[in-house]
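So that the names make sense, note that chain A is the first sequence line, chain B the second, and so on, each numbered from 1. Remember, it's a predicted structure, so these values are computed and weren't measured experimentally.
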2 protein chains.
Amino acid sequence: MTVTDGRSFIEEGAPAHDFFVVTGGRVKLFTLLPDGRRQITGFAEGGDFLGLAASTSYAFGAEALGGATLCRFPHAGMQRLTERFPSLEHRLREEASRELALMQARMTLLGRKTARERVATFLIERCSALHGSDVSQPVELDLPMPRTDIADYLGLTIETVSRILSAFKKEKFISIRSITHITLLMPERISMIAEGME
Amino acid sequence: MTVTDGRSFIEEGAPAHDFFVVTGGRVKLFTLLPDGRRQITGFAEGGDFLGLAASTSYAFGAEALGGATLCRFPHAGMQRLTERFPSLEHRLREEASRELALMQARMTLLGRKTARERVATFLIERCSALHGSDVSQPVELDLPMPRTDIADYLGLTIETVSRILSAFKKEKFISIRSITHITLLMPERISMIAEGME
DNA sequence: TACCAGACTTGATTCAGGTCAAGGTGATGG
DNA sequence: CCATCACCTTGACCTGAATCAAGTCTGGTA
């Protein structure tokens, strides 16, 4: 199943019949308020599961971020599979647990961190998604999502995200080679900021 | 296993050996930043599972809220149990999924809602935890947690929570019979505010 | 090479919620 | 019956991030 850029393939609140696995590209998950305010609750990429949080209806919407491919599994079929392979059930629970732990960290970010700390956390998060969490030397990052998405992910406005990236650049913590391509010059400093220790 | 009021029984970051079920009383889960800022990521009560989000170390701390009783299950024992009763694994996943959906809603609250909307959401949440989500007539609520905890749960300060409750009272949406005892006089109005539709 | 549209940046101003600082309240014990 | 302490409320003021408003950059097109 292929989804083109910006195409929505899960509608928040729609009855949940399927379960997805991202096989290629990237996807963003979000919830909306009636007046259009949006919270991006996560990004998913190759190998990630989608729809674990689904009961009878989806608790989130999902949209491709620059083209993505997915595998769709109807719930009924999944149930047959888990009955046949009980270890799959275990795997799914592990996946859900990992996601839960991530979300707790993100709740702390949204509830208690300053804008500067949020952006720093985001950079470090991207960084350890790609490479390990080695924070001792410069790292090149690719930010495949537009600033709007970063803002909606961090609970900020696009202007604030932009301003803080500029500030980090002026402070020589990062260099911005192009809109999507950023180098962390001092990852350990950014990591400190992310944890609220400046 | 009994835990007295305010007693901490899970240390954030400690190696996770156990899994808990709350059998009585209430418990709060939280994460801390190095400088003491706190985000309460959830409240748990009778029947709730704790530690689903645990991998090798706990992603959160936990503390009793006015005395609680718990059942402790070592991970190893759990594993033996799930091997014996595969349906338990399924049950755990369901629990984790439910929790995931709740957390997505909470991320939207923390990232995108105003203080007024957050407090309204909190009241409605408490309300539907006790009774159904019938929002048509006055409901009596018991808030067993101090204002500090409500504030840390909503990503606000205690002063803001207090001010907004007072405002709701002046607007005749609620009446405050005592610190812990609140009546929603117009639940449907509060519900509207919670969703950002005023 | 110049033009255009969409995305990003930057600046000026505003405001929601935080901070700081007094009070109030009510449960407990002397 | 009053003192004390912990928790809550209220007020005055401040500030970080939002909002409003121009620019600027980039990549695609002719």
Using a strict 4.0 Å threshold on nitrogen-to-oxygen distance, state whether A:Glu95 and A:Arg91 make a salt bridge.
yes

Pairs touching residues 5-14 of chain A that satisfy salt bridge (Lys or Arg N to Asp or Glu O under 4.0 Å), sequence neighbours left out
none

At a 4.0 Å cut-off to heavy atoms of chain A, the contacted part of DNA chain C spans C:dC8 to C:dA12

Round to a whole Å and report the spacing from CZ of A:Arg177 to C1' of D:dC25.
18 Å

Mind checking salt bridge (charged side-chain N to carboxylate O under 4.0 Å, His left out) for B:Glu117 and listing every partner two or more places apart, or none if nothing turns up?
A:Arg37

Taken to the nearest whole Å, CD1/B:Ile158 to C1'/D:dT10 is 12 Å

Test ring-ring contact (aromatic ring centres under 6.0 Å, His included) applied to B:Phe9 - qualifying residues, sequence neighbours left out:
B:Phe20

Just distance, no hydrogens or angles: give the donor-acceptor pairs under 3.5 Å from side chains in residues 187-198 of chain B, sequence neighbours left out.
from	atom 1	to	atom 2	distance (Å)
B:Glu198	OE1	B:Arg116	NE	3.4
B:Glu198	OE2	B:Arg116	NH2	3.1

Length of the line joining A:Ile176:CD1 and D:dT26:P, which is rounded to integer Å:
11 Å

Enter the inter-axis angle for the ends of the helix from C:dT1-D:dA30 to C:dG30-D:dC1 (five pairs per end, rounded to 10°).
30°

Listed partners of A:Phe168 passing ring-ring contact (aromatic ring centres under 6.0 Å, His included), at least two apart
none

Base-contact (B) and sugar-phosphate-only (S) positions in nucleotides 15-22 of chain D, heavy-atom cut-off under 4.0 Å, - elsewhere
--SSBB--

What contact category does A:Ser162 fall into here, base, sugar-phosphate, or nothing, at under 4.0 angstrom with non-hydrogen atoms?
base

Under the ring-ring contact (aromatic ring centres under 6.0 Å, His included) definition, can you give me all pairs with a residue in residues 83-130 of chain B, not counting sequence neighbours?
B:Phe122-B:Tyr153

Taking for B:Ser166 and for A:Ser178 the nucleotide of DNA chain D with the nearest heavy atom, the one nearer the 5' end belongs to B:Ser166

Pairs touching residues 135-146 of chain A that satisfy salt bridge (Lys or Arg N to Asp or Glu O under 4.0 Å), sequence neighbours left out:
A:Glu140-A:Arg177

All pairs passing salt bridge (Lys or Arg N to Asp or Glu O under 4.0 Å) where residues 71-87 of chain B contributes a residue, at least two apart:
B:Asp18-B:Arg72

Can you give me every donor-acceptor pair (side chain of residues 21-33 of chain B, partner residue at least two apart or in another chain, under 3.5 Å) with its distance?
from	atom 1	to	atom 2	distance (Å)
B:Thr23	OG1	B:Thr69	O	3.0
B:Thr23	OG1	B:Thr69	OG1	2.9
B:Arg26	NE	B:Glu45	OE1	3.0
B:Arg26	NH2	B:Glu45	OE1	3.4
B:Lys28	NZ	B:Asp149	OD1	3.2
B:Lys28	NZ	B:Asp149	OD2	2.7
B:Thr31	OG1	A:Thr108	OG1	2.3

Would you kindly give the CE-to-C1' distance between B:Met145 and D:dC7, to the nearest whole Å?
16 Å

Whole-Å distance, B:Leu165 CG to D:dT10 P, equals 10 Å

Transitive ILVMFWY side-chain link A:Ile124 to A:Leu143, under 4.5 Å
yes

